Structure formats: C-alpha cells, structure tokens
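One structure is given here, and the rest of the page talks about it.
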2 protein chains.
Amino acid sequence: MSTTKSMPSMSDVAARAGVALGTVSNVLNHPDKVAEATLRRVHAAIDELGFVRNNQARSLAMGRSTTLGLVVTDIGNSFFVDIARGAEEGAALNGMTLLLANSDNDYAKQETYLDLFDQARFAGILLAPFEAAPESAHRLRGHGRPVLLLNVAVPVGEGCSIVVDNEQGGYLAARHLIDEGRRRLAFVGGPDRLEPLLERRLGAERAVAETNGAVTLEEIIVGAVNAPEGRAAGSIILDRAPAERPDGVFAASDLLALGLVQTLSAALRIPDDLAVIGYDNNSAVRESTIPISTIAQPGREMGEIGARLLWSEVADGPDHEHEHVVLAPTLITRASSVRR
Amino acid sequence: MSTTKSMPSMSDVAARAGVALGTVSNVLNHPDKVAEATLRRVHAAIDELGFVRNNQARSLAMGRSTTLGLVVTDIGNSFFVDIARGAEEGAALNGMTLLLANSDNDYAKQETYLDLFDQARFAGILLAPFEAAPESAHRLRGHGRPVLLLNVAVPVGEGCSIVVDNEQGGYLAARHLIDEGRRRLAFVGGPDRLEPLLERRLGAERAVAETNGAVTLEEIIVGAVNAPEGRAAGSIILDRAPAERPDGVFAASDLLALGLVQTLSAALRIPDDLAVIGYDNNSAVRESTIPISTIAQPGREMGEIGARLLWSEVADGPDHEHEHVVLAPTLITRASSVRR
DNA sequence: TGCGCCGATTGAAGCGCTTCAAGTTAAAGT
DNA sequence: ACTTTAACTTGAAGCGCTTCAATCGGCGCA
C-alpha cells in the first residue's frame, strides 16, 4: 500500500553522481567539506532524481529531531493562535520547525497528542494545557523529553514555564477604571476555582484597596466567561435601581464584556453611565460596534520565548537551568471605557 | 546534546523480558500471535522501563507513516479551524493522526511546510492553499505523495479535491433576500480576480435573473473583505438619497457584512429598511449585536471527507480513482435579514 | 516409540540516513 | 626525490524498528 513508486534514496543519488554514499550526506550537511566540482555533480543528480531526504531516517541516525511540537487547548481562541504564530517564529529562528496539534478542550486528545509527539521523538514540546499541568508532562520529562508549559505555573525544578501575570492584569483593568473616575466597580467573573480568574479579581482588589475606601468593588459571579453569560449579567445590572448600579465593570473575558455591552448599551450610555473593560484582546471582539477596552496578553511573545527557551533546553542538555518567565499584560483602552 | 538519558529501546525491553526482539515487536503489532504469558511478561517489562516506541524507526522500517498533514492558510479564520477539526476526526477514524501547520497567508511558509511534510514522509497531505493550487502540490504528487486540495479546484486526474459550491452559496443568499421581499439588491464584494467571490456574485445574478426583471442587482466593489471596508461600503450607501439605496445587501464575507451593519444601523433600521446577509458563518461575527444572516460553508465536513478520501488514496495505492467532491453551502437566517 | 503438525519464538536482514576512522590524492616543504 | 600536510572521499557501523524464513517444542496419533 501507500507510496507506489518509492522515492529515490541517497544511495541512488550517490550512484548517479558516481560518488560514495557518505559524500552525498556531506553535500547535504557539510557542503564546506566537499570539493566544488563534486558538489555540483551531486546537486545535479539530486535534481535529476527529484531526491527528497528522508527525515525519519535522518533523525533516527542523528538521534535527535529538529521539530518542536505545540499542543493547544483551543485553536479557535485567538490567544492560542497568537501563541502558535510566535512559537513558529521562535522555532524558525533556531532552524527548527513547529508542528501544531489542537486538543480541542478534550483532555484525552491532549494526552494522545503528547504521546504522539513523544513517539515521534520531537525535540521538545510546548504545551498550553487543558487546565492544570498534566501528569503526562511529568512523565515525558521523566524520560528526557523537554516539555515547556504555557499559561500554567509549574513546580520549580520541574521544567520551564511561561505565564502572564493575571494579578497584574486585573490590577491594570481596575486601576484604569478608577483613573477614569469610576467609583462603584463590579467584577464580573466565573467561579474562583479557575485560577486565572481568581488572580484577576485579586489584582482588581489590590487596585481598589490602594484608594482607601473611596472605591467599592462588588463581585458578580457568572457560570462561564462567554457572551450569553455576559448578557445575563447585563440584565442583572439593568434590573437594579440606577443608584445601585456600578459605574465601572471589569469583565473577566472579552466575550463576557461583549455580552455586557450588548445588553447595557440598549438602556445606558457607554461609557458615560457605565464603563466596561474586558480581558484577552480577543480577535472575536475586535470588531464590536462599541470597541471594548481590554487587557492584552502577549501571546505572540509567549510563543516565541517559549520556543526559544525550549530550544535552549534541547541544546544545553543536562546543564540547562529551568526558567519561569512571567510576562506583563498591557492595557488597551477603547471606546467602552474612555469618555470622548 | 538533546535527550540526555536516551530512551529504552525494544531490545532493552526484550532483554528485560527475556525474549527475542521480534517477540516484542509482535506484542506491539500482532498480539494475537503471542502466547498469553509472554504477552504479560513483555508488557510488564515495557511498563517497568517506561518504553515508548520510536515512531521514526517504525515508519522507516514499515516504509509508510500513519500521519497526515494539514496545511492551512490562516488558522485565525474559523473556517479553517472547522476544517482542521473535521480532518482530525476523519484521520482518527482511520487510525491516523493529523498534524497541523499554519502558513499564515505566506506563500513561502506554505512551501516550507509542504516540503517538511514531504521530508517527514507523511502518508498524505491536505492542503487549503494560499490562492491557487501551487506547483509544489504537483511536484509532491509526482513522487508519490498524495496531496488533496481543499477549497480549490484541481485539474481532473491530478488528484482529489473538495470544494464548496460558491455559485450556489451566492444563489442562496440572493434568493433569500428576494424571498424576503427585497427588490433592489446590492452585492458588496472584492475584485473579481478572486475566484470564490466572483462565483458568489454569479450565483446572486442567477437568482436575480430568475425573477424576470422584477429585481435589480448592483455591485459595490471594495478593496478587501474585512470590517473596515464594510464600514466604508456602508458610508457609500448612506451617502445616497434614500430612494437610491438598496433594500437588500449581500456581502461577500461576514466581516464585510459586520462592517456594513455597524455603519448602516446607525441611520437605518435593520432589517426593516435594509436587510443584510454575509458569507462564511465566521465565528468572529457570531456574537455581533445584530445577529447577521450568513451562508455557512461545511468546513468540518470538508475536513472529514478530506481525511477519509486521502486515507483511501493512501490505502488503495495505484488503483485509486481521484474524486472531486462539491459540497453544498447552507443558508443561516438571523436577525439582519428577517423581519420579526 | 516414532512421525507429523502447528502455534510460539527466534534472529538476521534491511529501511535510509549520519558519522567517523581510514584511505587516497595532490600540493607543499626540505 | 622524499616526507608532510591538507583537502577530499570512502565505506562500514549503527540508529530502533518490522518482517519473515527458520527453528523449537509439545502434542496427538498410528
């Protein structure tokens, strides 16, 4: 089955060019060690035969591969797309290539892909995990395959990781609302068991605490961080007497913020009566009618640094020092929170 | 460099279990040929050693791989994400795995990934190409690697392909507007050199032609199919005297439609004064304030059928018949085009 | 007791490549 | 003319696996 006409091998090329097998290998890997004339002859033979080097055999013989793998939770989320782009770039910079797998919010799939990458002997693996760092990451590291975790903290000494400072992001968001003159803030977020959301709330609390009681912060809990829940939260706010409503809302995600704005803008002026800020700088929200302020996570940077770090772990071998990088989120102000 | 403690190999397992190398291989590939007791002993050894089969060596020895590759143009576009999901599924159904590469609208990257997949001796390649079918697809096929093209027509006999009927999609969109009582239609689209857009327009023209002059169709050309251009097109319409305005607009993409709706809804009632329909069922637009009608492309189906077809080409070998599948788009009506 | 049979197991060959010690050739040095 | 040296080239070993002809050992049967 499969490939009918099997492809020409290096020895076919060698025969055609009238040189030894090893010489063809040198042409491909150490052209400086080969005489000009031979180089040309071999290249000619390669072109004539349409030779394509078999990477499986190559990695087998070399004992190492030049491919990095990235497993993301949800390729539909622009944050992960940014990470992928960055990782690709970072990999390319080191002469590696990046292959992508989408676990689609499915834990089992994630495991499947990790195993697949392991079996394929990829040089290293970048993992933006489903929820927490999975056992399997530990297992792969155990037999020498570098795994770098994205967006999730990792025990020191276990391996490298890169996270974005969610607490700081929360702080920035609330700080911004306060700076815009808001005094009755609300945090709309999910259940605290989701670490990142909890941290964002804590950051907001810190900003509020800084202002010595001049600002209040209430919390509106929703079931999930999507647009429908945002609309639900919007209704909750609208149902209150005007004096009871917050004048600044920090939503734990952009989709949530979008839902809020949709509902609230029908009855209130945004941002005049009520300012809204989201989180993620999600591309799905970038074209909303009222542009929504947000906290951007440096996904691209995350991916790129991730690939670099992973590469250095692969290259340094035993004397590699695990690093834990914390990236800073940034505030992006748009119409939903800034009076014109 | 790289993997410090190199992983245990099959012969390590064999030694540990006190059996021959070939037996371990049989345990993994033909367990039915192995005695119960031996089976257990080998499995125990595998677990104890944490053995992970080397897929590179495996594919090398077998002469074929069990991995399919998918190269998409823009992983940020939900259509391609749907394709990826479908392909993944279709691959899994046949015991294959799907690896993803994102060419990011960059022709050179696309070529790089195709070559990479070729070198990695993937069983087959699914390609949703940058624009037209690239020369390289032909080249890979030339030396026996199946390449299936998505979303792009391919010369008969060249290989398999799957497309969505854009003409039909255009027809559906215009038909819908007409059925909703619209008589002065406008098609907002890009330059005709983009095949799919041209076909969508032709489909719309067919729907209009069917109504014997009762309906008019004008064309508004924009530079690109994104939201800003949509807003620009919206302004063009608003600048006209009311009587000169269309009452039904078919935008060649959802982002375009979104931009239109944003601008138009400020001055006009949508859908009462003006109905709008887009194209793609793009997730980026799914949460717009006024839900936008659209033509959905069966991306998931496309991916799944693609993976199946590719697999059959891999399996059938020489006596494979290339297929050209045309999938039907479907109409999704939402608030932007349907009076309540 | 001897023969044939069959399921289970073995081990060598080979997949296409890299690596490297050993070999070759020619130019340079004395 | 003879040794060094440098610049190339060679070819065999080995990466970890699958495959398959050959072998083994036990069992039923005459």
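Chain letters run A, B, ... following the sequence lines, proteins first, then strands; residues in each count from 1. Since this is a predicted model, take the numbers as computed values, not measurements.
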### Ionic contact status for A:D115 with A:R139, cut-off 4.0 Å
yes
### Query
Nearest to the side chain of A:T38 - C:dT19, C:dT9, D:dT9?
D:dT9
### Query
Within the structure, does a side-chain N or O atom of A:R121 lie under 4.0 Å from either OP1 or OP2 of D:dG16?
no
### Task
Describe the nucleic acid contact of A:N29 in one word from base, sugar-phosphate, nothing, applying a heavy-atom distance below 4.0 Å.
sugar-phosphate
### Summary
When the rotation axes relating C1' atoms of four end pairs to the next four are compared across the helix from C:dT1-D:dA30 to C:dT30-D:dA1, five pairs an end, they differ to 10° by 50°
### Query
Would A:K109 and B:E88 pass as an ion pair if we require N to O under 4.0 Å?
yes
### Query
Which one, C:dC17, C:dT19, C:dT9, comes nearest to the side chain of A:F51?
C:dC17
### Task
May I ask you to decide if A:I83's main-chain N or O and A:R300's side chain share a donor-acceptor pair within less than 3.5 Å?
no
### Message
Output the rounded distance in Å from CZ (B:R58) to C1' (D:dT19).
### Response
13 Å
### Message
With a 4.0 Å cut-off on N to O distance, would you call A:R40 and A:E36 a salt bridge?
### Response
yes
### Query
Rounded to whole angstroms, how far apart are CG on A:L28 and P on C:dG16?
16 Å
## Note on the structure
Winner on side-chain proximity to A:N26, out of D:dT9, D:dC17, C:dG16, is D:dT9
### Query
Rounded to whole angstrom units, what separation is found between the CD1 atom of A:I46 and the C1' atom of C:dC17?
13 Å
### Presence of A:N54 side-chain N/O under 4.0 Å of C:dC17 phosphate oxygens OP1/OP2
no
### Query
Would a 4.5 Å heavy-atom cut-off, applied to side chains only, mark B:Q110 and B:L127 as touching?
yes
### Query
Should we count CZ of A:R41 as having more than 12 external heavy atoms under 6.0 Å?
yes
### Query
Looking at the side chain of B:A57, which of D:dT9, D:dG16, C:dT9 is the nearest nucleotide?
D:dG16
### Query
Where the side chain of A:A35 is concerned, which of D:dT18, C:dG16, D:dT9 is the nearest nucleotide?
D:dT9
#### Entry: Proximal nucleotide (of C:dG16, D:dT9, D:dC17) relative to the A:A61 side chain
C:dG16
### Task
Could you tell me the separation between the CE atom of A:M10 and the C1' atom of D:dT9, rounded to a whole number of Å?
13 Å
### Task
Starting at atom CZ of A:R64, determine the distance to atom C1' of D:dG16, rounded to an integer number of angstrom.
17 Å
### Query
Starting at the 5' end of DNA chain C and moving along, which residue's nearest nucleotide shows up first, B:E36 or B:M62?
B:E36
#### Entry: B:L70: which of B:I125, B:L150, B:N102 passes side chain to side chain contact (heavy atoms under 4.5 Å, CB included)
B:L150
### Sorted by number, the residues of residues 17-24 of chain B with heavy-atom contact under 4.0 Å to DNA chain C
B:V19, B:A20, B:G22, B:T23
### Query
Cut-off 3.5 Å, side chains only: do B:H322 and B:E158 have a donor facing an acceptor?
no
### Message
Rounding to an integer number of Å, can you tell me how far B:H30 NE2 sits from D:dT19 P?
### Response
5 Å
### Query
Distance check: side-chain N/O of A:R53 vs OP1/OP2 of C:dT18, anything under 4.0 Å?
yes
#### Entry: Contact check, side chains of B:L114 and B:R145, non-hydrogen atoms, under 4.5 Å
no
#### Entry: Any B:S25 side-chain N or O less than 4.0 Å from OP1/OP2 of D:dC17
no
### Query
What integer distance in Å separates A:K33:NZ from C:dC20:C1'?
11 Å
### Query
So do B:I46 and B:L28 actually touch side chain to side chain, heavy atoms under 4.5 Å?
yes
### Task
In whole angstrom, give the distance that lies between atom CG of B:L60 and atom P of C:dA13.
18 Å
